[in-house]
K.L.:
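One structure, as structure tokens, below. Some questions next.
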Amino acid sequence: MTDEREKDLASLREMVRDFLDDKWSEHQIRDVADGDTGYDEAVWARFAGELGLASLPFPEALGGAGAGWTEVGVVLEEAGRALFCSPYLASVVLAGAALLASGDRPAQERHLPGIADGSLRATLAAPEITGYRPGDQPPVTARRGAAGWVLDGHVAQVVDGATAELVLVVARTPDAGTALFAVGNGPAGSDGLVRTPLTTLDTTRKLARLDFRGVPAELVGADGAGAEILARVLDVAAIVLAAEQSGGAARSVGMAVEYAKVRRQFGAVIGSFQAVKHKCAEMLMLAEAARATARAALDALDRDDPEVPLLARIAGVYCSDAFVRCATENIHVHGGIGYTWEHPAHLWFKRAQSSRLLLGDPASQLDRIAELTEQPTGA
Amino acid sequence: MSVDPEEFRSRVREFLESHAERRPHGIVPEWGEGDDRLSGFTTYTAEEEKVETAAARSWRRTLFDAGLGWLTGPVEYGGAGLGPEHQEIYDALAADFRIPSQRCFVVGLGIVAPTIAGHGGSDIKERYLAPLHRADLMACQLFSEPDAGSDLASVRTRAVREPGGWRVTGQKVWTSGAHYSDIGELLVRTDPEAPKHRGLTIMIVDMHDPAIEVRPLRQITGNADFNEVFIDGLFVPDSHVVGEPGTGWRVASSTLTSERRAMSRGGNTRDYDPLPRLQAAARALGRTDAATRVQLAELAVLSRVVAVTTRALAAADDDRAAFAPALGKLLMTDYLMRLRGVADHVIGPGIVADTGEWGTWVWHELTVRVLSQRIAGGTDEILKNIVAERLLGLPR
């Protein structure tokens, strides 16, 4: 990491933070939570359109900024801190990483420019994305119809499933295993796609069930490459999500400390009580460690380090846990008022709880880590 | 001394090949072969310790004379004037070789030398820094007292002003390595009238002076790594005061920071992390059940998190860098305490009795030694107070 890039990252962080401090408040979070779309159109237009933040990981030739996943991580860390609600994760990370991994140039040319400038909202539908274990859910199937590929089946939970114009799907094909398909944002439209918004624990990240009833789809990438593409998306997304989680953890610590400095009981500020003090110190440790871990994983991703699958799981497990614990303890430090709907602490808590299952439950992640670390790695 | 990393790398390799034996199987020994003791968690008998310390000092001397003993130190005081990247290169290469344990230098080089470098005048730096790094001198830290542990600033060892210096009387405790040390970094009260934290001074004392008596203190591991030290009318000349009289608390605080930094890195021993050995034990002993797998995976997560966090915090360009050692020590301690719990059921009954089975009984050392991690160098509770009050700004 060069000094110059570090400086650029610091500027990027400042820019995003200033924008969100100015344009994104609790008020907007609650509006999104109460609404259907999962984002604020005007703010998204500025974030992605004017500031170009959705273009970061994509090649310049396709309308991107030609930066790396570390830049995306910085953006998401700030977004996590602010609980910024937007199509970013689903469009830029899930769908974007899938398109990049597919190596399908025509598909990239058709969809990435719109993703990069925020005008096209996209997502990736696969059970593993929302934490289902392989085999838990029957796969979406693809068959060859008269006019092209056709999809049948359903995916129980899809991030931004109700609003994404482009839905990428991992489906089982007759010959070769699984493949990536694109529904929408194309000539065939999305007839037969039924979107059912779900009631969720985290109302700031919308999920929908998608049913495919003979939906026309375009093959993206090679038939049989579905597993490989999905694995890559899971690696990239876990690492980037870890950055978002680390931002949320830091915000939770900040909220708790702020409150501990003003709340008085027994004639003293509660932050002077050792139990509260120590709890805050422990939360800080978790948040700092989460931040460093996400950053180390992002660095590895940008370097194409062979350890990426391992670091993705490590960052996923640790940052999920750190965010949940910090968000939980933040409510706890607030006492009774932390338990009210009116206080914002529960918004981060529910985001933490939900994120923990995104991309794979902790036990599955640990299982994979065990597999990857069981054999000694070289002398 | 070449600064170019590749040239440096081959120079170090050349030195190591000609002065040490390469480890045939890397950091984790082949199961069943050779010494099964865990680096960093071993108890030596008094005789073994003498032999190990002598070997370590001899190694240090050779290393120093080859220009590799103090890579990052300033050239004017005997260092090589190189950067941390060169230290990393050396550490990585040295890990593949059998080198005497460097544990006996943790205090002298990890704690006392940085203090002298940071706060001593040029005379003191010249007198001690090179000899410490060449192992001509060994050092200990004379801080804690029976009535001054966590409340270190309440030390009562007293230095009374005399012409040309100070006359010191008092008692210190938990002094690791005092029995083989030549000098000690002493925290002493020079002004009992001043407020608690202001009347303190740091001095370097001669451990061989007849006014100093070292008595071994037996610890729960059965041996005596540390000692009580009785000081009875010791004369310390002005030239041995580090910084100005009355600045002792500031100097001591940076000593404690160095101590925490050393502890958060496992004393810079590359094979300090017991996890690879524990994973090897699980394979060799057939511990393949799901619960053990998960626990080892959780440790793998923490091991990596501790390493990247310590490094990231130390490199932070804001307030957090000052608290990196405290946070690092807290994280390392938490990790080791959990590892200790997992070791119990990976190793099984061989951890509570020496049955003669290779690689099992040695783990009892870790079980016991880890308890000192939470106490030495600032208890978990003190460190959390520091983080909460000084970094988070919560009221005292």
Side-chain angles (χ1 to χ4, degrees), chain A residues 1 6 10 253-254 256-258 260-261 268-286 288-297 299-300 307 310-311 313-319 321-322 362-363 365-379, chain B residues 22-28 95-96 275-277 279-280 282-283 288 290 292-317 320 323-324 326-328 330-331 334-335 380-381 383-396:
Chain A
M1 174 72 53
E6 284 290 356
V253 177
V257 170
E258 226 177 273
K261 284 180 180 172
V269 163
I270 68 167
S272 68
F273 303 143
Q274 209 174 63
V276 176
K277 204 177 283 200
H278 286 187
K279 183 181 290 296
C280 290
E282 286 156 10
M283 287 166 73
L284 180 75
M285 275 165 64
L286 287 171
E288 286 296 331
R291 186 177 196 222
T293 302
R295 184 60 193 270
D299 282 350
E307 281 207 311
L310 173 61
L311 288 171
R313 313 276 97 67
I314 285 177
V317 165
Y318 193 81
C319 297
D321 183 61
Q365 309 275 40
L366 284 169
D367 199 60
R368 186 82 183 106
I369 291 168
E371 234 168 79
L372 290 168
T373 55
E374 246 155 21
Q375 290 313 308
T377 54
Chain B
R22 191 175 266 281
R23 290 197 226 231
H25 304 288
I27 288 179
V28 180
D96 290 335
L275 185 59
R277 296 284 307 267
Q279 289 166 324
R283 284 191 296 275
T288 53
T292 304
R293 272 182 101 235
V294 168
Q295 291 193 302
L296 287 172
E298 284 171 341
L299 289 177
V301 171
L302 278 181
S303 169
R304 188 67 66 112
V305 169
V306 169
V308 304
T309 306
T310 309
R311 195 177 311 137
L313 286 172
D317 54 9
R320 291 170 305 140
F323 297 91
L327 286 166
L330 282 166
L331 283 167
D334 177 65
Y335 166 62
D380 281 4
E381 287 70 18
L383 295 181
K384 288 178 191 178
N385 278 358
I386 290 172
V387 168
E389 288 163 14
R390 298 201 226 138
L391 181 56
L392 294 174
L394 291 168
R396 278 171 212 246

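Labels below follow one simple rule: chain letters A, B, ... track the order of the sequence lines, proteins then strands, and each chain is numbered from 1.
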K.L.:
Looking at B:Ala312, B:Gly393, B:Ala280, which has the largest count of heavy-atom pairs under 4.5 Å with chain A?
P.N.:
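Most pairs with chain A among the choices: B:Gly393.
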K.L.:
Could you pull out the closest heavy-atom pair between A:His278 and B:Glu381, with the gap in Å?
P.N.:
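Minimum heavy-atom contact is NE2-O, 3.2 Å.
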K.L.:
Heavy-atom pairs under 4.5 Å with chain B: which of A:Leu286, A:Leu284, A:Val276 has the most?
P.N.:
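Sorted descending by pairs with chain B, the first entry is A:Leu284.
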K.L.:
Given that the side chain runs from C-beta out, which part of B:Leu313 has a heavy atom under 4.5 Å from chain A: side chain, backbone, both or neither?
P.N.:
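Side chain of B:Leu313 only, per the 4.5 Å heavy-atom cut-off to chain A.
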K.L.:
Is A:Arg295 close to chain B through its backbone or its side chain, or both, or neither, when contacts mean heavy atoms under 4.5 Å?
P.N.:
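Interface part for A:Arg295: neither.
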K.L.:
What part of B:Arg311 gets within 4.5 angstrom of chain A, counting heavy atoms only: side chain, backbone, both, or neither?
P.N.:
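When you check distances to chain A, no heavy atom of B:Arg311 falls under 4.5 Å.
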K.L.:
Highest number of heavy-atom pairs under 4.5 Å with chain A: which of B:Val301, B:Leu302, B:Leu391, B:Val387?
P.N.:
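Highest number of heavy-atom pairs under 4.5 Å: B:Val301.
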K.L.:
Does a side-chain N-to-carboxylate-O contact under 4.0 Å join A:Lys277 and B:Glu389?
P.N.:
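The answer is yes: the pair qualifies as a salt bridge.
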K.L.:
Please look at A:Gln365 and chain B and tell me whether the side chain, the backbone, both or neither of the residue comes under 4.5 angstrom of a heavy atom of that chain.
P.N.:
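Nothing of A:Gln365, per the 4.5 Å heavy-atom cut-off to chain B.
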K.L.:
Work out which heavy atom in B:Leu394 is nearest to a heavy atom in A:Ala260; give both atom names and the distance.
P.N.:
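Minimum heavy-atom contact is CD2-CB, 3.8 Å.
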K.L.:
Counting heavy-atom pairs under 4.5 Å with chain A, which one of B:Asp334, B:Leu330, B:Asp380, B:Leu296 comes out on top?
P.N.:
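Max contact count across the listed options: B:Leu330.
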K.L.:
Is the number of heavy atoms from other residues, nucleotides or ligands under 6.0 Å of A:Glu6 CD greater than 12?
P.N.:
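Buried by this count: over 12 neighbours within 6.0 Å.
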K.L.:
Mind ranking A:Ile270, A:Val253, A:Thr293 by heavy-atom pairs under 4.5 Å with chain B and telling me who comes out on top?
P.N.:
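When all of A:Ile270, A:Val253, A:Thr293 are compared, A:Thr293 has the most.
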K.L.:
Just wondering, do A:Gln274 and B:Lys384 contact through their side chains at under 4.5 Å, heavy atoms?
P.N.:
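Not in contact.
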K.L.:
Identify the two heavy atoms, one from B:Arg304 and one from A:Leu311, that lie closest to each other, and give their separation to 0.1 Å.
P.N.:
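Minimum heavy-atom contact is NH1-CD2, 3.5 Å.
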K.L.:
Which pair of heavy atoms, one from A:Ala289 and one from B:Thr309, lies closest together, and at what distance?
P.N.:
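Scanning both residues, the minimum pair turns out to be CA-OG1, 3.3 Å.
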K.L.:
Which bit of B:Gln279 comes within less than 4.5 Å of chain A, counting heavy atoms only: side chain, backbone, both or neither?
P.N.:
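For B:Gln279, the side chain is the part near chain A, not the backbone.
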K.L.:
Out of A:Leu366, A:Val269, A:Ile369, which one racks up the most heavy-atom pairs below 4.5 Å with chain B?
P.N.:
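With the most close heavy-atom pairs to chain B, the winner is A:Leu366.
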